[in-house]
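Inspection log for the structure reproduced underneath, given as C-alpha cells.
Every chain is numbered from 1, with letters handed out A, B, ... down the list of sequences. Side chains included, hydrogens not; waters and symmetry mates left out as well; all remaining heavy atoms used.
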Amino acid sequence: MSEQYEESKLYRLRHSAAHVMAQAVLEKFPEGKVAIGPPIEDGFYYDFDLPRPLTPEDLEEIEARMREIIKHDSAFVKEEVSAEEARHIFADQPYKLELIDGLEEGGVDEHGNPVDEKPVISIYKSDAFVDLCRGPHLESTGKIHPKAIKLMNVAGAYWRGDEHNPMLQRIYGTAWLSPDDLKQYLWRLEEAKKRDHRKLGRELDLFSISDDVGSGLVLWHPNGAKVRYLAERFWEDEHLRNGYDFVYTPHIGKSDLWEISGHLGFYAENMYAPIEIEDQQYYLKPMNCPFHIEIYKSGIRSYRDLPMRLAEKGTVYRYERSGVMHGLMRVRGFTQDDAHHFCAPSQMPDEIDFVLSFSLNMLRSFGFNDIKAYLSTRPEKAVGAPEQWRDAEAALEAALKRADLPYHVDEGGGAFYGPKIDLKVKDAIGREWQLSTIQFDFNLPERFDMTYIEEDGQAYRPYMIHRALLGSIERFFGVLIEHYGGAFPVWLAPIQAVIIPIADRHMDYAKKAAAELKAAGLRVEVDDRSDRMNAKIRDAEKKKIPYMLVVGDREMEQGQVDIRRRSGERLGAMNVSDFKDLAVKEVEEKVEG
RNA sequence: GCCGAUGUAGCUCAAUGGUAGAGCAAUCGCCUUGUAAGUGAUAGGUUAUGGGUUCGAUUCCCAUCAUCGGCUCCA
C-alpha cells in the first residue's frame with residue numbers, strides 16, 4: 001500500500017468506517033471481542049471474535065445500523081493514554097490487551113510487525129465506541145457518506161495471521177467518497193467477474209477440472225488446447241532461435257535424486273507421497289532442475305559448451321492444501337516453461353542480460369506491455385559465498401537498468417539459494433500477476449558437484465540460473481483468459497473466423513471460401529446449421545470468434561465475404577483473398593483485439 | 001489445513017417431509033433467413049457421495065468429497 005494512500009482522505013474514511021462498523025457489531029453482540037480493523041485496497045475490514053457465525057442478514061442489519069451511527073455525526077476524538085489507562089479502558093478486550101502489551105514493549109505494531117521506536121498509545125472515541133488506534137480519522141462520522149459504504153462479505157481470518165491462533169470472523173467492507181465511486185467500484189467487480197477464467201473456461205469450453213480426476217488437476221479441452229498449442233509453438237520457435245536446447249525428462253525420480261537435490265529436506269511437505277517399486281522410492285517431480293542437472297552431468301563439460309541453455313515444458317506436481325486451489329491459478333499439477341542456464345562466471349552478466357530481455361520479449365508478445373520487476377536479494381540464512389551473491393545481485397540490477405524497467409528491490413527477500421528477479425505484468429483491468437522468475441542457484445551446483453573444464457584444464461563450478469517465463473502454463477492461460485476477457489487475439493483464437501451462409505443455397509460457396517482460407521493456414525469454420533443469420537452471429541459473438549464472414553446472394557455473385565468483427569464493427573464486403581491477406585497479417589503481427 | 005457458505009438436467013436457477021420444474025443448450029422437424037435469439041416437438045435428473053432420523057428424505061441430522069469467499073501457504 002502506498003504512502004500516498006495512507007495519507008489520503010479515502011484512507012481516513014475507510015479507517016473511520018471500520019470503527020463505525022465495529023461499533024455496530026458490538027451493539028449487536030455486546031460480549032463480542034474486537035481485534036483489528038485497518039483500511040485496505042478498495043475498502044476496509046475488521047476482525048471480531050463473536051459468539052456465533054455471522055449471516056448475510058446480520059451484515060445487512062449491521063450496515064443499516066452503521067448508517068444510523070453516521071447520522072449522529074459524532075466527532076472522532078483522539079486521546080493519548082498511558083499503557084495503564086489503556087489496559088483499564090480495554091479490560092474486557094483480550095486482543096486489545098495483547099496489542100497494548102506489544103505497543104508498550106515497542107517492537108511490534110498492530111500487525112505483529114517489528115517497529116523501530118516505541119509508539120505513543122492513542123485511542124479514538126466516536127459516538128459510543130472507543131478503539132485503540134493510531135489513526136488518522138475523519139473529523140466526524142458524518143463525513144462518511146451513508147450511501148457510499150457497503151459491507152461485502154464475512155470470512156475467517158487467524159488472529160495476527162498466524163494459523164496457530166484462534167480464527168476470527170472478518171467482515172470486509174468497502175467505502176468511497178461518493179455513491180458514484182461506490183457504484184463504479186461495484187461495476188468494476190462485475191466486470192472482473194465477467195472475465196473470471198473459471199466462468200469463461202466453461203463458457204468457451206476451454207478446460208475443466210473433474211472431481212473424478214482430482215482437485216487441482218486440469219483437463220485441457222480442444223479449444224483450450226488449441227490456444228496452448230499456438231502459444232507453445234511460438235514459445236518453442238523463440239527458444240530455438242535464441243540458443244536454447246530442448247530436453248524431455250521423466251515425471252518421477254528416485255529418492256536418491258531428491259536427497260541429493262535437498263528437496264526431501266526442505267520441500268518434502270509440498271511433494272506427493274512416494275511410489276514404491278522394487279524396494280525403491282520414487283517421487284513425482286515438484287521441479288525439473290535435478291533432471292536438467294543430470295543431463296548436464298551426463299558428460300564432461302568444457303567452457304566451450306557454455307553457456308548451456310536447457311529448456312523444457314516440464315510438468316510438475318506439488319501438493320497443495322485443500323482449500324487453496326483456484327481454477328487454473330492454483331493447481332496441483334502444472335507445466336512450467338522451465339529452463340536452466342549453466343555458464344561460466346565470466347559469462348554470467350551477459351547471460352542475465354540475455355535472459356531478461358528474452359523474458360520481456362516473450363511477455364510483450366502475449367500482450368503484456370506493463371511490466372514491473374522485483375529484485376530480491378540475499379536473506380539472512382543463505383548458501384553460497386557472499387561475493388557470489390554480490391556479483392549476481394549486481395548483474396541482475398545492471399540488467400534491469402539496461403532494460404529500462406521499473407523495479408523494486410526487496411532486500412533480503414531472495415531464496416536461501418540465490419537472488420532473483422520476478423516479473424509482474426498488469427492485465428487489461430489493472431491487476432498484477434507474477435509470471436516470470438529469473439533465479440540464481442548457488443545450492444544445486446554444489447550439491448550435485450557440477451563442474452566444467454576451463455582453458456587451464458582445471459575443473460570449475462558453473463553458475464546456474466533457473467528461469468520460467470510464463471511460469472506455470474496453466475496459470476498463464478488463466479491470466480491470458482482474464483486479460484483478454486476470453487477474446488483472444490487472432491493469432492491465438494481457437495477459431496479465427498466463422499463463415500455464416502444466409503440460406504442453404506449459399507452453403508457451397510461458404511465451404512469453398514472456407515477451403516481457401518484454411519489453405520492459408522487460417523482456422524475457419526462454416527456455420528451450416530439451419531438457423532437464421534442473426535442467431536449464428538449471436539452464437540459467434542458468444543464464442544468470441546474474431547471474425548464473422550456473412551455470405552448471401554450479393555457476396556456469392558461478387559466472390560466476396562461481408563466482414564464483421566466480434567466488436568460489432570462492420571468492415572463491409574471484400575474479396576476472399578483480401579480477407580485472407582488481412583487475417584494472415586494480423587496473425588503474423590500478433591495484432592490485438 | 002482452518003472459518004463460513006453452497007452442492008437439484010450440459011449451463012443458469014425454481015420447488016417440496018409424500019420419489020422434481022423452467023429458460024438456455026441438445027436432438028428431430030418446419031422456416032431459407034442480411035449483421036446479437038424464427039418456430040414446434042422430443043429427450044434429459046438414484047436432487048454430490050455414504051450413513052442416520054422417519055411409515056416415507058431431494059428436503060431434517062451426521063460424515064465424506066467438491067466448489068465458492070477469505071485466512072495461512074504459494075508458480
May I have the distance from [X] (atom [atom1]) to [N] (atom [atom2]), rounded to whole angstrom?
X      : N     : atom1 : atom2 : result
A/M548 : B/A36 : CE    : P     : 10 Å
A/E541 : B/A36 : CD    : C1'   : 6 Å
A/L50  : B/G4  : CG    : P     : 12 Å
A/H164 : B/C2  : NE2   : C1'   : 12 Å
A/K543 : B/A37 : NZ    : C1'   : 14 Å

Would you mind building the protein contact string for [range]? One character per nucleotide, 5' to 3', B for base within reach (heavy atoms under 4.0 Å), S for sugar-phosphate only, - for untouched.
range                        : value
nucleotides 8-14 of chain B  : ---SS--
nucleotides 26-32 of chain B : ----BBB
nucleotides 65-75 of chain B : -SSSBBBBBBB

Item to complete: Give me the ring orientation class for A/F366 and A/F476: parallel if the planes are under 30° apart, tilted from 30 to 60°, perpendicular past 60°.
Response: perpendicular

Worksheet item: In which ranges does RNA chain B form stems of 3 or more consecutive Watson-Crick or G-U pairs, distances under 3.5 Å?
Response: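 In RNA chain B, stems of three or more pairs: B:1-7 with B:65-71, B:10-13 with B:21-24, B:26-30 with B:38-42, B:48-52 with B:60-64.
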
Considering residues at least two apart in sequence or located in another chain, which fulfil the ring-ring contact (aromatic ring centres under 6.0 Å, His included) criterion with [X]?
X      : value
A/Y172 : A/Y45
A/F440 : A/F442, A/Y463
A/H483 : A/F368
A/H466 : A/H340

Practice prompt. Please indicate whether A/F246 has more than 12 foreign heavy atoms, meaning atoms of other residues, nucleotides or ligands, lying under 6.0 Å from its CZ.
Written response: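 It does: A/F246 CZ has more than 12 such atoms within range.
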
How far does the [atom1] atom of [N] sit from the matching atom of [M], given to the nearest Å?
N     : M     : atom1 : answer
B/C24 : B/C60 : C1'   : 33 Å
B/G23 : B/A9  : C1'   : 12 Å
B/U58 : B/U19 : P     : 11 Å
B/A14 : B/G7  : C1'   : 15 Å
B/G45 : B/U8  : C1'   : 8 Å

Practice prompt. For A/D49, check salt bridge (Lys or Arg N to Asp or Glu O under 4.0 Å) against everything at least two apart and list the hits.
Written response: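 Result, salt bridge (Lys or Arg N to Asp or Glu O under 4.0 Å) vs A/D49: none returned.
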
Worksheet entry | Qualifying residues under salt bridge (Lys or Arg N to Asp or Glu O under 4.0 Å), relative to A/E60, sequence neighbours excluded |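 Partners of A/E60 under the salt bridge (Lys or Arg N to Asp or Glu O under 4.0 Å) test: none.
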
Hey, are [X] and [Y] close enough for a salt bridge, meaning a charged N less than 4.0 Å from a carboxylate O?
X      : Y      : result
A/D553 : A/R505 : yes
A/D42  : A/R188 : yes
A/R228 : A/E474 : yes
A/R554 : A/E557 : no
A/K420 : A/D422 : yes

Item to complete: Show the numbers, then the answer: is there a side chain to side chain donor-acceptor pair (under 3.5 Å) between A/R565 and A/Y547?
Response: CA-CA 5 Å; A/R565 282 196 216 268; A/Y547 286 105; 2.5 Å; yes

Worksheet item: On RNA chain B, nearest-nucleotide positions of A/Q169 versus A/M533: which is more 5'?
Response: A/Q169

Worksheet item: What does A/D553 touch in the nucleic acid at a heavy-atom separation under 4.0 angstrom: a base, only the sugar-phosphate, or nothing?
Response: base

Worksheet item: Counting any heavy atom closer than 4.0 Å, what does A/E555 reach on the DNA or RNA strands: base, sugar-phosphate only, or nothing?
Response: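 Answer is base: heavy atoms of A/E555 come under 4.0 Å of a base.
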
Listing time: all N or O pairs from protein to nucleotides 40-46 of chain B that are below 3.5 Å?
none

Worksheet item: Of the options A/H239, A/E236, A/Q336, which is the one that meets A/K313 in a side chain to side chain contact (heavy atoms under 4.5 Å, CB included)?
Response: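 Going through the options one by one, the only one that passes is A/E236.
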
Practice prompt. Any chance you could lay out the side chain to side chain contact (heavy atoms under 4.5 Å, CB included) test for A/K199 and A/K193, step after step, and finish with the verdict?
Written response: CA-CA 8 Å; A/K199 178 177 143 79; A/K193 232 173 167 178; 5.9 Å; no

Practice prompt. Only counting residues at least two apart or in another chain, list the ones meeting side chain to side chain donor-acceptor pair (under 3.5 Å) with A/R538.
Written response: none

